[in-house]
Amino acid sequence: MAVTGRLGLLALLAAPVVGFLLPSWAGIGLAAAVLFLLVVLDLALAGSVRRLVFARSGATSVRLGEACEVTLTVANPGGRPVRAWLRDAWPPSAGADDRHRLTLPAGERRVVTTRLLPTRRGDRTAARVTVRSTGPLGLAARQGSHDVPWTVRVLPPFHSRKHLPSRLARLQQLDGRNAVLIRGQGTEFDSLREYVIGDDVRSIDWRASARASDVMVRTWRPERDRHVVLVLDTGRVSAGRVGDAPRLDAAMDAALLLAVLAARAGDRVDLLAYDRQVRAAVQGSSDLLPALVNAMAPLEPSLVETDARGMIAEVLRRTRRRALVVLLTGLDAAPLEEGLFPMLSKLTSRHQLMIASVADPRVAEMAAARGDAEAVYDAAAAERVLAERRQVTARLARHGVEVVDAVPEDLPPRLADRYLALKAAGRL
């Protein structure tokens, strides 16, 4: 029925009522009285929002920076059609395109798709679905909200994945899958082959040569089935922002690249996130990458000083045999002096320790600036920070600790390169 036809019908129905009430509404005016009645009737004819039935489906996880879709199925069991605006509300960081126009005849259902483009890691939970159902004239509306729970886990983006092919190629070269096997790269005996010009004479196996008709040399490969423990410091130092993201996010990216590389090298990889208690842990997972990104996704920095004693005790409790412990933390002198250094010997006596730290590129920029007096003072402060980091690095090196200190973009590949260097030298 056209809108004009509906108006005529409603006016015809309202006329007796208006005629009855006209004396008492003489001061208001006939037009206002008719309009009021039309609004009341329009509201009465609007489809019910309370009886709508909702169901969700769609994505349950997405990588940060990528889009996903969550579908909402709306069923109308009532006897009147629903013409409505629907808002599928999510937190602002979910980046939801949440407003939809809905026309739902009686007894039918429709599917509404909400597109999400999250801007933060972690679990993003749907809020409420609000429906505003308008009457046939559009003069009035019913509104109601429904709880339709759904959670999308936003995973770390793993930007450093782009460095993986080149590091895997180096790993294959170390592992002897390429043409040349070099003596000294690793400590596990692999096989014997005939001597060729250029081989290290120290690799000749004289007993095997005596039994064979030619000179035989031993080939070696990097150690396998070693243990790598990634320890994420989620305390106060991880909350500092470098660029647009906290240090913790850059540390996660470096940890993911190293974890995938070590797993491909045949090593066992575990994860521990700690500040004053265990925030996340992954041990002996057969499906490593999904387990790691799911464990890291909800992690947020805690604004407390990390309990280094508790962290090291937890590492020692979980790791019985010798392992490479990679601690992703800061190189600030004061926290290390009070926390890590007193416990350092207890950890390094049983494990090979590597510390990876996220450096702020802005500090190096300030150290190089000389534009005016203020820039000179900033440069002096920056130089002091850099000098303290160098001193801490030198002190850790005297204890046999490997240190990787780099800006967020460079930390993942440099950490992977240091791991490969240790593997090539047979130090794992």
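From a predicted model like this one, the values you see are computed outputs, not experimental measurements.
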Measure the CZ-CZ distance between R99 and R87 for me, rounded to the nearest 0.5 Å.
5.0 Å
I'd like to check D249 versus V242 (side-chain heavy atoms, cut-off strictly below 4.5 Å). Are they in contact?
no
R121 versus P298: any side-chain heavy-atom pair under 4.5 Å?
no
side-chain hydrogen bond (donor to acceptor under 3.5 Å, both in side chains) between D233 and S238, intermediate numbers included
CA-CA 7 Å; D233 181 354; S238 68; 5.4 Å; no
Test V229 against H351 for side-chain contact (heavy atoms from CB on, under 4.5 Å), laying out the working first.
CA-CA 10 Å; V229 182; H351 303 292; over 6 Å; no
Restricting to non-hydrogen atoms, name the atom on R247 and the atom on V358 that form the minimum distance, rounded to 0.1 Å.
NE-O, 3.1 Å
I312 versus L316: any side-chain heavy-atom pair under 4.5 Å?
yes
Within the distance-only criterion (no hydrogens, no angle test), does the side chain of T306 pair as donor or acceptor with the backbone N or O of A308 below 3.5 angstrom?
no
Distance-minimising heavy-atom pair for A75 and R109:
CA-CB, 3.9 Å
For residues T113 and H100, is any side-chain donor paired with an opposing acceptor at under 3.5 Å?
no
Nearest heavy-atom approach of A295 to A280 is O-CB, 3.7 Å
CA sep, side-chain torsions, deciding dist, call: V404, I355, side-chain contact (heavy atoms from CB on, under 4.5 Å)
CA-CA 6 Å; V404 179; I355 293 181; over 6 Å; no
Are P335 and R236 close enough that some pair of their side-chain heavy atoms sits under 4.5 Å apart?
yes
Is any side-chain heavy atom of R110 closer than 4.5 Å to one of P105?
yes
Keeping the roles fixed (side chain from S145, backbone from R128), state whether a donor-acceptor pair exists under 3.5 Å.
no
Is the shortest side-chain heavy-atom distance between L420 and R167 below 4.5 Å?
yes
Under 3.5 Å, is there a donor-acceptor pair between the side chain of W150 and the main chain of G58?
no
Taking D332 for its side chain and A334 for its backbone only, find out whether a donor-acceptor pair lies under 3.5 Å.
no
Search all heavy atoms of A126 against all heavy atoms of R56 and return the closest pair with its distance.
CB-NH2, 3.6 Å
Does a side chain donor of either R350 or T319 reach within less than 3.5 Å of an acceptor in the other side chain?
no
N294 side chain vs P290 backbone, donor-acceptor pair below 3.5 Å:
yes
Kindly indicate whether a cation-pi arrangement holds for R63 with F158, taking the cut-offs as under 6.0 Å to the six-membered ring centre and within 45° of the axis.
no
Pairwise side-chain contact, K423 with D267, heavy-atom cut-off 4.5 Å (strictly under):
yes
Would you say S57 and T71 are linked by a side-chain donor-acceptor pair, where the criterion is simply a distance under 3.5 Å?
yes
Atom CG in L64, atom CG in L155: separation rounded to 0.5 Å?
9.0 Å
Might you point out which heavy atoms bring Y419 and A262 nearest each other, and give the distance in Å?
OH-CA, 3.4 Å
Counting distance only, does the side-chain N/O of R132 pair as donor-acceptor with the main-chain N or O of Q143 below 3.5 Å?
no
Would a 4.5 Å heavy-atom cut-off, applied to side chains only, mark S160 and D253 as touching?
yes
side-chain contact (heavy atoms from CB on, under 4.5 Å) for M311 and R276? Distances and angles first, verdict last.
CA-CA 8 Å; M311 175 190 290; R276 290 185 175 272; over 6 Å; no
Note: R120-E300 ion pair, threshold 4.0 Å (strictly below)
yes
Please check if the side chain of D307 supplies one atom and the backbone of Q277 the other of a donor-acceptor pair under 3.5 Å.
no
Would a distance-only check, ignoring hydrogens and angles, find a side-chain to backbone donor-acceptor pair under 3.5 Å from S349 to K346?
yes
Hey, is E314 close enough to R309 for a salt bridge, meaning N to O under 4.0 Å?
no
Keeping R418 on the side-chain end and V403 on the backbone end, is there a donor-acceptor pair under 3.5 Å?
yes
Hey, does the side chain of N76 reach the backbone of L104 with a donor-acceptor pair shorter than 3.5 angstrom?
yes
If we count only N and O atoms by modelled type, under 3.5 Å, do the side chains of S48 and R142 hold a donor and an acceptor together?
no
Between D88 and T114: side-chain donor-acceptor atoms closer than 3.5 Å:
yes
